[in-house]
Amino acid sequence: MTDTTTQQATAAASGAAATEQFRGKQRTEAAEVDTKRVDTLVTELLAATHDIIRRHQVTYAEYDALKTWLIQVGADGEWPLFLDVWLERVVEEVANASREGSKGTIEGPYYVPDSPRLPAEAALPMRDGEGGTALLFQGQVRSLHGTPLAGATVEMWQADNDGLYSQFAPGLPEWNLRGTVVVDDQGGFRIHTIQPAPYQIPTDGSCGTLIRAAGWHAWRPAHLHLKVAAPGHQLVTTQLYFQGGAHVSDDIATAVKPELILDPTPVADGTGREVTYDFVLDKA
Ligand code: MBD
Ligand code: FE
């Protein structure tokens, strides 16, 4: 590796970081293998694929193109990206179907736990002169009954104005635009950050190859990632988007929901924009 400040952000580098991050994470307790369940799910997945091959008369050339591509996804470390862009939203839909409080959406491949803890009013860690319009993101965390949740944390992560996530692209400070805000005794928070730009997933790896081959685009709308937690309540993993922004209605990851669209207003002193968004957490 050469000087990190001059390295290019590549699909393979961010893929390797995302793979390493996923291996270190336990979203849920590791379940014992349920043979019956594996049998059912894999048999049905294969049967659906067999059906597609028959209906579309898939050729050996296409079969070999698929094999080549699947091998390359692994070599690029792009399984986390591929799965989170094209499958995770349905897993999230099933997991949170009965939730009454704030809507969640996909986590994506670029979460890193244990970001710096910050007080209820704080700026996310950022560089001097960090690019992008200043954004004040404020609100309150409450229970379904409207009780302020004083013990809550609002964890945020986001891309910078160039669409780069710290720890997944070279040259950024370790915790740039990542933080865990501890709310005040009224469940309130005021987070100073920048409004992110629309985000293009890496196109120089196998996900890019697929996107070009299928004639798709590679864009996600500008978004803030959040995890909001409070003792005795269900963790909400979500994202927030911006009204009128590019790709809000054609997100490559299909992760936008109407409840998740912010419409910030200009701050009176002309220093940026602000928006209020409250979180409501279901009981655990
Ligand atoms: C992202 O930033 C993201 O949020 C998702 C879901 C997939 C790829 C990149
Ligand atoms: Fe993202």
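Order of appearance sets the numbers: ligands from 1, and atoms from 1 within every ligand. Just so we're clear, the structure is a prediction, and the values are computed from it rather than from any experiment. The first residue of the sequence shown is numbered 1, and numbering continues consecutively from there.
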May I ask you to check whether [Y] and [X] place their ring centres under 6.0 Å from each other?
X: Trp157; Y: Tyr110; value: no
X: Phe82; Y: Trp69; value: yes
X: Phe279; Y: His233; value: no

For [atom], find the nearest protein heavy atom and state the residue, atom name and distance (0.1 Å precision).
atom: atom 2 (O) of ligand 1; answer: Tyr165 OH, 2.9 Å
atom: atom 6 (C) of ligand 1; answer: Ile106 CD1, 3.2 Å
atom: atom 3 (C) of ligand 1; answer: Arg220 NH1, 3.5 Å

Looking only at distances, please establish whether an N/O atom of ligand 1 is found under 3.5 Å from an N/O atom of [X].
X: Glu107; result: no
X: Tyr110; result: no
X: Tyr199; result: no
X: Asp84; result: no

Residue pair [X] / [Y]: nearest heavy atoms and the distance that separates them:
X: Ile106; Y: Asp84; result: CD1-O, 3.4 Å
X: Glu130; Y: Asp160; result: OE2-CB, 3.5 Å
X: Gly132; Y: Ile194; result: O-CG2, 4.0 Å

Does ligand 1 have any atom sitting under 4.0 Å from a heavy atom of Ala255? no
His223 near ligand 1, heavy-atom distance under 4.0 Å? yes
Separation between CG (Leu224) and OG1 (Thr193), nearest 0.5 Å, reads 6.5 Å
Using a strict cut-off of 4.0 Å, indicate which atoms of ligand 1 neighbour a heavy atom of His225. 2 (O), 4 (O)
Going by the order shown, which atoms of ligand 1 are within less than 4.0 Å of some heavy atom of Leu81? 8 (C)
Rounded to the nearest 10 degrees, what's the angle NE2 of His223 makes with NE2 of His225 at the Fe ion (ligand 2)? Could you check? 90°
Please work out whether the ring planes of Tyr199 and His223 are parallel, tilted or perpendicular, with thresholds of 30° and 60°. perpendicular
